[in-house]
2 protein chains.
Amino acid sequence: MIAKDIPDIVVSRLPRYLQTLEHMQKDGIRTTSSQELGDLIGISAAQIRKDLSQFGEFGKQGKGYSVDFLVDQLRQILNVNRSWDIVLVGAGNLGHAIANYQGFGNHGFSIVMIFDSDPALIGQKIGNLTVQDAAQMVDLVRASGIKVGMITVPAQAAQAVADELVKAGIQAILNYAPINLTVPEGVHVQHVDPIIYLQRMTYYLA
Amino acid sequence: MIAKDIPDIVVSRLPRYLQTLEHMQKDGIRTTSSQELGDLIGISAAQIRKDLSQFGEFGKQGKGYSVDFLVDQLRQILNVNRSWDIVLVGAGNLGHAIANYQGFGNHGFSIVMIFDSDPALIGQKIGNLTVQDAAQMVDLVRASGIKVGMITVPAQAAQAVADELVKAGIQAILNYAPINLTVPEGVHVQHVDPIIYLQRMTYYLA
DNA sequence: GCAATTTCGTGATAATTTGCACAACACTTC
DNA sequence: GAAGTGTTGTGCAAATTATCACGAAATTGC
Ligand SMILES: NC(=O)c1ccc[n+]([C@@H]2O[C@H](COP(=O)([O-])OP(=O)(O)OC[C@H]3O[C@@H](n4cnc5c(N)ncnc54)[C@H](O)[C@@H]3O)[C@@H](O)[C@H]2O)c1
Ligand SMILES: NC(=O)c1ccc[n+]([C@@H]2O[C@H](COP(=O)([O-])OP(=O)(O)OC[C@H]3O[C@@H](n4cnc5c(N)ncnc54)[C@H](O)[C@@H]3O)[C@@H](O)[C@H]2O)c1
C-alpha cells in the first residue's frame, strides 16, 4: 500500500476510523455507512467517503461498507496487519503503567524491550520483561531490528535518548516527555502531552 | 482575552508555543523571534506571527518577542494564569502514574480528587490524596465546582463515567480510555490514545 | 419487475489555512 | 544622524482541505 500523495491530515484520521470500526466489529455490527461512522466519530459522512476513496473503493452503493472488510483494509493501509515490536525507554511510573498496559496487543504492537539507566531498576521484572541497562540499548536495539520506540524518561534526558534510538535504527518515536524532540528527516515523532491537551480545552472555559 | 473567532487550529498550536517559551525561560533566554521559535517547534515563522497577531501585538520590530511577556500573554489567552482543579476517575495503573506525576503543577493544573469503584482501592492514599468512592462522585464534584476531569477507567466504563462527570458539571474531559466519548454540546473532550499515534506513524513505515 | 430508497464515489465548488513579501519600525554602528 | 540590519504585523495570493450535490449502482418494497 504505497503512499502516493495522501495528505497527512487524511492519514491522521484513519486510526480513528479503524478504532471505531473495531468496536463495531466487537459489537457484532456487520455493515455500516459513512453516515453512521461519521455520527459516531463526529465528522461528516462526505469526509469519510473522500478519505477512504483515496485508497480504493471499499463500499457498495445502497448498502454501505462491510465492517470486517473495511477493518481489514485499514489495517493494511496503516501497516498494522502485523505486529510491530516496540522498545520502551524509562521504567519509572509511567513506563511501568505502559509496560503493564494490555491494550497494545490487539492493535499491532508489542513491547519487547525495556531499558532504564537506574541500577536499582535494571534486572527488575515488569510483566514478563526484564528491565535492561540503557548503556546497552543501541547495540541491542540495532541487533533486534526494532523500528518503533517509546520514551518515558524525564524531559532533560529525552533528547539524548531520542538520539540514541535514532542511532539504533528506530524510525518512529512516541514521546511522553514534555519536550520537543529534534530528529533527522525520515524519523517520525508523535508527542503525547496531557498538559497540551488540557490547555487546548481551558482556552474555551470561561 | 475572549477573542472573536479564532480558528480552533490556531488555538491548538498555542500550548506548544507556551511550552517551548517556558523552556526558553528556564534556560534564561529573555528574547526570541518568530524565526527561532519556529525552528524549535518545526513550523514557519510566518505562521507563528500570524497566530499571535490574532490576539494582539506582542512583538517589537527589529527585536522580536520578550519571552517573559509572551509567556504571560499566552497563559492569559489559554486561561492557565490560574490553577485548575482536576478530578481523576480510575485509580488503576495509569491513574496511579498520573496522580503521582509532578508535571501538572507548574502548568495550571492540580489533581484534587481521585475516584474509583473498586472497594480494595477506596481509602488508599496516592500521594496526599485519598481514593474516594465513585458512587459519591457526582455529589462531591458538583459541590466542589471542579470543571476539568480525567478518565482512566477501562473502555467499557468510560462513557458511563463521562456521563456522570457531565452530570457533575464538568466541562472539559481528558480521556485516556480507547473509546469515543459522546458528550453534550459545550463539553470539551480530548482523547489521549497511544495506539492512534503509533498507527499514524506505522503508515509511513515500510 | 419496476419504482422508490439508500448510499457510494467523485468532480466541482466553497472555505479554510498557509505562505509570501513588504512597509513600518527599532535597534546598532560609525 | 544616517545607513544598515533585523524583525514584526499584515494584505494578498497560493495551497490545502472540506463540503456540496449528483450520477451510478445496489437494495427494498410492493
Ligand atoms: N507519570 C505520568 O503520568 C506522566 C504523564 C505525562 C508525562 N509524563 C512524562 O513521562 C516521563 C516519565 O515520567 P515518570 O513519572 O515515569 O518519571 P519517573 O522519574 O518515575 O521515571 C523516569 C525513569 O527514566 C529513567 N531514566 C532517566 N534517564 C534515563 C536515560 N538517559 N536512559 C534511560 N532511562 C533513564 C529513570 O531512571 C526513571 O526510572 C517524564 O518526562 C514525564 O514528564 C509522565
Ligand atoms: N496503562 C496504560 O499505560 C494505558 C495507556 C493508555 C491507555 N490506557 C487506558 O487507560 C485506562 C486505564 O488503564 P489501566 O492500565 O490503568 O487499567 P486498570 O485496570 O489498572 O485501572 C482501571 C481502574 O478503573 C477502575 N474503574 C472501573 N470502572 C470504574 C467506574 N465505573 N468508576 C470508577 N472507577 C472505575 C477500576 O477499579 C480500576 O482501578 C484503560 O481504558 C486503558 O485502555 C492505559
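Lettering follows sequence order; numbering is per chain, from 1. Quick caveat: nothing in here was measured; it's all calculated off a predicted structure.
- For the pair A:L74 and A:F58, the minimum side-chain heavy-atom distance is 4.5 Å or more.
- Using a 4.0 Å cut-off, no side-chain N or O of A:R13 falls inside it from OP1 or OP2 of D:dT17.
- We find that CG of B:D5 is positioned 10 Å from P of C:dT17, with the value rounded to whole Å.
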Output, in order, the C-alpha distance, side-chain angles, deciding distance and verdict of side-chain contact (heavy atoms from CB on, under 4.5 Å) for A:F55 and A:V10.
CA-CA 11 Å; A:F55 300 94; A:V10 171; 4.2 Å; yes

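- At the heavy-atom level, B:L52 lies nowhere under 4.0 Å from the strands shown.
- Taking side-chain N and O atoms only, B:R49 has a distance below 4.0 Å to OP1 or OP2 of D:dT8.
- Phosphate contact (OP1/OP2 of C:dT7, side-chain N/O of A:S34, threshold under 4.0 Å): absent.
- For the pair B:Y176 and A:P194, the minimum side-chain heavy-atom distance is below 4.5 Å.
- The CD atom of A:Q47 sits 16 Å away from the P atom of C:dT10 (whole-angstrom rounding).
- At D:dA18, none of the side-chain N or O atoms of A:S44 fall inside 4.0 Å of OP1 or OP2 (strictly under the cut-off).
- With the nearest nucleotide of DNA chain D identified for both B:S33 and A:D8, B:S33 has the one nearer the 5' end.
- In this entry the distance linking CD of A:Q35 with P of D:dC20 reads 12 Å, nearest Å.
- Proximity note for A:Q61 (side chain, C-beta onward) versus C:dC8, C:dC20, C:dA24: the nearest is C:dC8.
- Taking side-chain N and O atoms only, B:Y65 has a distance below 4.0 Å to OP1 or OP2 of D:dG9.
- Closest approach to the A:S53 side chain among D:dT10, C:dG9, C:dG19 is made by C:dG9 (side chain taken as heavy atoms from C-beta onward).
- You'll find a donor-acceptor pair under 3.5 Å spanning the side chain of B:K50 and the base of D:dG11, going by distance alone.
- Residues A:Q35 and A:D39 bring a donor and an acceptor atom of their side chains to less than 3.5 Å of each other.
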